[in-house]
Amino acid sequence: MSLSSAFQAVGNDPGIITWRIEKMELALVPLNAHGTFYEGDCYLILSTRRVGSILSQDIHFWIGKDSSQDEKSCVAIYTTQLDDYLGGSPVQHREVQCHESDTFRGYFKQGIIYKKGGVASGMKHVETNTYDVKRLLHVKGKRTIRATEVEMSWDSFNRGDVFLLDLGKVIIQWNGPESSSRERLKAMLLAKDIRDRERGGRAEIGVIEGDKEAASPELMKVLQDTLGRHSIIKPAVPDEITDQQQKSNITLYHVSDSAGQLAVTEVATRPLVQGLLNHDDCYILDQSGTKIYVWKGRGATKVEKQMAMSKALNFIKMKGYPSSTNVETVSDGTESAMFKQLFQKWSVKEQTVGLGKTFSIGKIANVFQDKFDVTLLHTKPEVAAQERMVDDGNGNVEVWRIENLELVPVEHQWYGFFYGGDCYLVLYTYEMHGKPHYILYIWQGRHASQDELAASAYQAVEVDRQFDGAPVQVRVTMGKEPRHFMAIFKGKLVIFEGGTSRKGNAEPDPPVRLFQIQGNDKSNTKAVEVPAFTSSLNSNDVFLLRTQTEHYLWYGKGSSGDERAMAKELAGLLCDGTENTVAEGQEPAEFWDLLGGKTPYANDKRLQQEILDAQSRLFECSNKTGRFIVTEITDFTQDDLNPDDVMLLDTWDQVFLWIGAEANATEKESALATAQEYLRTHPSGRDTGTPILIIKQGFEPPIFTGWFLAWDPHIWSAGKSYEQLKEELGDAAAITRITAVSFLEELFTGNQSQRETANATDATWPKPYHVLLSITLVVYFDMKIVLIGRNAGYEGHNPLPEFGAKILPRRSSVEKSESGVA
């Protein structure tokens, strides 16, 4: 097959395209067979996604555990050819059976099925409405499950997992006594998916609870007739998991093979910065052997780029890592989100997002934001999410200070004044769709005592309880105030480095104080105290120098008119309008004397505007086992927020912790610690002061829901539980009838293996042709199977007693006439 015809299905429409290697050619896999993989085959998968106007594509080549070396080489070649066909921009992934990446598993929400055999063994793909199936599937996993075809025996079972016995027209689910409700639900959804996708909806599903087998005698009978005598079930097998601490250890290597031999040189370890990557070279990033990334610089030669995957495989061999280690290759300029977030900061020049918001990086750090239309925040939650604003800050505000471990109200005239030696609670109330909503900010000063920090957390819980858990809790670290927090103080937010606002405070104010004032409107302006030295100045900002007698408002040459206007308004609050304005370059000598003398400071022009390039990511977090486990959910939707879980949404400059209504008490209580542990162990060396927002199911604000496509506030009330889905399944009697009829059909339609089994296990059975003579009719009567005998030699013989069958002798014509039966 020519490449042009093989890749004819490739387009720009979002979705998944799957090919299988058949006789060293690419064969398109039908949509109804997506997610099913033969262990003896190799596959090529193309994923196309569109985020706004940006098209991103991922190429995965999947290797079955029993595939041949020729097939492995062939699929690797097709991967390179498809990458060239698409211009070299896709991210490439090497996937090995049972060790697939989170990205790959995320494509198949219902689960992945591994089937025995392959092209070489003559196996064909699943055909819809085909019932000639007899297999046992071992289902494993809590979120994205994998179903592996195993030996049809009780020896394949264990107490911790779920198993599906698939007999074509009947699917029986056996739940291990130690399996979780999540695993049972996922397995049931898989069984329904097999029924609907492979059987056209025509199959019955039954469920056996492994710890209550006696409650399902009919289903257990079918199970034992198929698998043989029930034996002792093996103990649960723990899942293979990698904790977050292990993933956090990353190393960057420079790769060269100029001398004809692979040479790997260590460049740096965590934390990594973007500037380490030279555009003319190739690099390998090793995530403790759990995953290998290859970065291809845009200046690297075509041969070097094509050899990237083989370099990674040689690196894996050199390091002694398992051959199943996941590999991802990325190209300069089209890096995946997972790769970029391994670096401390990843920026892209000349881009803007949201409503004109940009970030600059480099020697002079500055953030400025354009004004925006606040009416969009409630009608378009995606705007609220991008702007980090639930409203314009005009709601009701209450502020308390922690004093003697209790809450003390702050007088209204001191709202907006925060001291580094204190902790505060700020309750913000706003209306949306006619209902009150709450945000509870916990502001913690840099110099507050441990007792005060602990008391602020405790008091936050108490306030939260007063409102029945409705408030969104936001932990605010001093100096990292979110935009909405600034907005509620209307441009009058002042952060003092130390001290306290408590009455009776005997600590004198410093004789000289310097405040850096940033912001261009009332929604983003604040003054932060910085060390009173010349080196603290920055030409792009406005500063207030305050002493007991003189006050100077210093305008940096790079500050805008809006920034100067907001700074003058805030300075008037601090100095009662007595400040002197000074332009950079026109300072009096006294100004420099107050700052300890004139020394160098950041006075370059505003740097080229760049945006921090970070995509939102959703994780399931757990530390139940004593190890902190983080599992990413790719291509996430609202459906991935399970009420049993605690989920973490990372938007880089803030972290949301979503607590499901049915999450256990321990997870709820340790929510904040979970988020802090996530930041601490992040491979990029994240700022542990990143704002953390704790959100409870049913009380999601638009700054959270805006990260999800088409948020439905009623989704959980409409969703069905595992027990509800179980009740909707057919009854056991129906499965018994179908199984019995299928057994007879196999006898009558020439299923040689079934007949041989029957004859071998029961010597009293008539030979197959005699059975055909002895039975003329099968009818259902009162939920029983009635067989009417024809051959007197076999009258009274019942071949199916286990299905409750009865056999009646064939009546003579005299008996028929007497009974009136025609």
Side-chain angles (χ1 to χ4, degrees), residues 16-46 59-79 93-108 110-127 130 132-141 144-153 155-158 161-168 171 186-187 190-191 193-194 197-198 227 237 239-240 313 316 322-327:
I16 304 292
I17 301 174
T18 304
W19 295 271
R20 182 167 73 156
I21 303 299
E22 296 183 3
K23 298 179 180 178
M24 305 306 152
E25 298 280 354
L26 285 180
L28 200 62
V29 175
L31 192 61
N32 68 335
H34 281 194
T36 298
F37 299 91
Y38 284 94
E39 296 178 336
D41 288 335
C42 291
Y43 293 78
L44 184 66
I45 295 95
L46 173 66
I59 300 172
H60 304 257
F61 65 95
W62 185 91
I63 300 171
K65 68 181 184 67
D66 297 328
S67 58
S68 68
Q69 186 58 50
D70 287 344
E71 288 173 317
K72 295 176 185 177
S73 301
C74 185
V75 74
I77 292 171
Y78 277 122
T79 300
H93 308 258
R94 176 178 178 266
E95 311 285 357
V96 178
Q97 180 181 342
C98 296
H99 300 277
E100 294 86 356
S101 64
D102 291 336
T103 302
F104 185 86
R105 293 199 301 269
Y107 300 147
F108 310 104
Q110 297 290 10
I112 296 172
I113 300 176
Y114 303 134
K115 298 188 69 175
K116 291 184 179 296
V119 174
S121 62
M123 301 292 286
K124 297 186 181 297
H125 284 299
V126 175
E127 299 290 341
T130 296
D132 186 17
V133 178
K134 199 170 188 179
R135 62 181 177 177
L136 180 64
L137 296 175
H138 177 190
V139 182
K140 198 169 184 63
T144 303
I145 59 175
R146 293 191 291 256
T148 307
E149 193 171 330
V150 294
E151 182 186 354
M152 295 267 292
S153 166
D155 292 338
S156 300
F157 285 63
N158 72 70
D161 294 326
V162 180
F163 293 80
L164 297 180
L165 178 62
D166 185 1
L167 301 176
I171 302 173
K186 284 288 186 178
L190 176 62
D193 185 56
I194 294 172
R197 189 158 51 94
E198 298 183 16
L227 303 177
V237 179
D239 294 328
E240 291 183 14
L313 297 180
I316 289 171
S323 60
S324 58
T325 301
N326 190 255
V327 178

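Side-chain atoms of Ile45 and Phe61, non-hydrogen and from C-beta on, never get closer than 4.5 Å to each other. Taking the side chain as every heavy atom from C-beta outward, Val139 and Leu164 approach each other to under 4.5 Å. Between Ile112 and Arg105, the closest side-chain pair of non-hydrogen atoms falls below 4.5 Å. Proximity of Glu149 to Leu136: side-chain heavy atoms (C-beta onward) are nowhere separated by under 4.5 Å. In this structure the side chain of Leu227 reaches within 4.5 angstrom of the side chain of Phe157, judged on heavy atoms.
For the residue pair Cys74 and Ile21, the shortest heavy atom distance occurs at SG-CG2, 4.1 Å. The two residues Ala187 and Val162 come nearest to each other via the heavy atoms CB-CG1, 3.4 Å. Leu190 approaches Ala147 most closely through the heavy-atom pair CD2-CB, 3.6 Å. Across every non-hydrogen atom of Ser323 and Val96, the tightest pair is O-CG2, 4.1 Å. Across all non-hydrogen atoms, the minimal contact from Phe104 to Phe108 is O-CD1, 3.5 Å.
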Exercise. Which is it for His34 and Ile16 under the side-chain contact (heavy atoms from CB on, under 4.5 Å) test, yes or no, and what are the steps along the way?
Worked result: CA-CA 9 Å; His34 281 194; Ile16 304 292; 4.2 Å; yes

For this session: Run the numbers on Glu71 and Asp41 for side-chain contact (heavy atoms from CB on, under 4.5 Å), then give the verdict.
Result: CA-CA 7 Å; Glu71 288 173 317; Asp41 288 335; 3.9 Å; yes

For this session: For Ile113 and Ile194, run side-chain contact (heavy atoms from CB on, under 4.5 Å): C-alpha distance rounded to whole Å, both residues' side-chain angles, the deciding distance at 0.1 Å, then the answer.
Result: CA-CA 10 Å; Ile113 300 176; Ile194 294 172; 3.9 Å; yes

Exercise. So Leu165 and Leu167, side-chain contact (heavy atoms from CB on, under 4.5 Å) or not? Walk me through it.
Worked result: CA-CA 6 Å; Leu165 178 62; Leu167 301 176; 4.1 Å; yes

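Residues meeting the ring pair (Phe, Tyr, Trp, His ring centres under 6.0 Å) test with His138, sequence neighbours left out: Phe163.
With hydrogens and angles ignored, the 3.5 Å screen pairs a side-chain donor or acceptor of Tyr114 with a backbone N or O of Cys98. In this structure, Glu39 contributes its side chain and Ser67 its backbone to no donor-acceptor pair below 3.5 Å. In terms of modelled atom types and a separation under 3.5 Å, the side chain of Ser156 and the main chain of Glu151 share a donor-acceptor contact. Here the side chain of Asn158 pairs a donor or acceptor atom with the backbone of Asp161 at under 3.5 angstrom. With Asn326 contributing its side chain and Arg94 its backbone, the two residues share a donor-acceptor pair below 3.5 Å. Here the side chain of Glu95 pairs no donor or acceptor atom with the backbone of His60 at under 3.5 angstrom. A donor-acceptor pair is defined here as one N or O able to donate and one able to accept, closer than 3.5 Å; such a pair exists between the side chain of Tyr78 and the backbone of Met24.
Centroid-to-centroid, the aromatic rings of Phe37 and Tyr43 come within less than 6.0 Å.
Once rounded to the nearest 0.5 Å, the distance linking OG1 of Thr325 with CD1 of Ile316 reads 4.5 Å. In this structure, CG in Asp66 is found 12.5 Å from CD1 in Ile63, a value given to the nearest 0.5 Å. The NZ atom of Lys72 lies 14.5 Å from the CD1 atom of Ile77; values are rounded to the nearest 0.5 Å. Interatomic distance, CG of Asp166 versus CG of Leu137, reported as 6.5 Å (0.5 Å rounding).
Counted by atom type alone, Trp62 and Glu100 present one or more donor-acceptor pairs between their side chains at under 3.5 Å.
Under 4.0 Å is where a charged nitrogen must lie from a carboxylate oxygen, and between Glu25 and Lys23 no such pair does. A salt bridge links Glu198 to Arg135: one of the charged nitrogens lies within less than 4.0 Å of a carboxylate oxygen.
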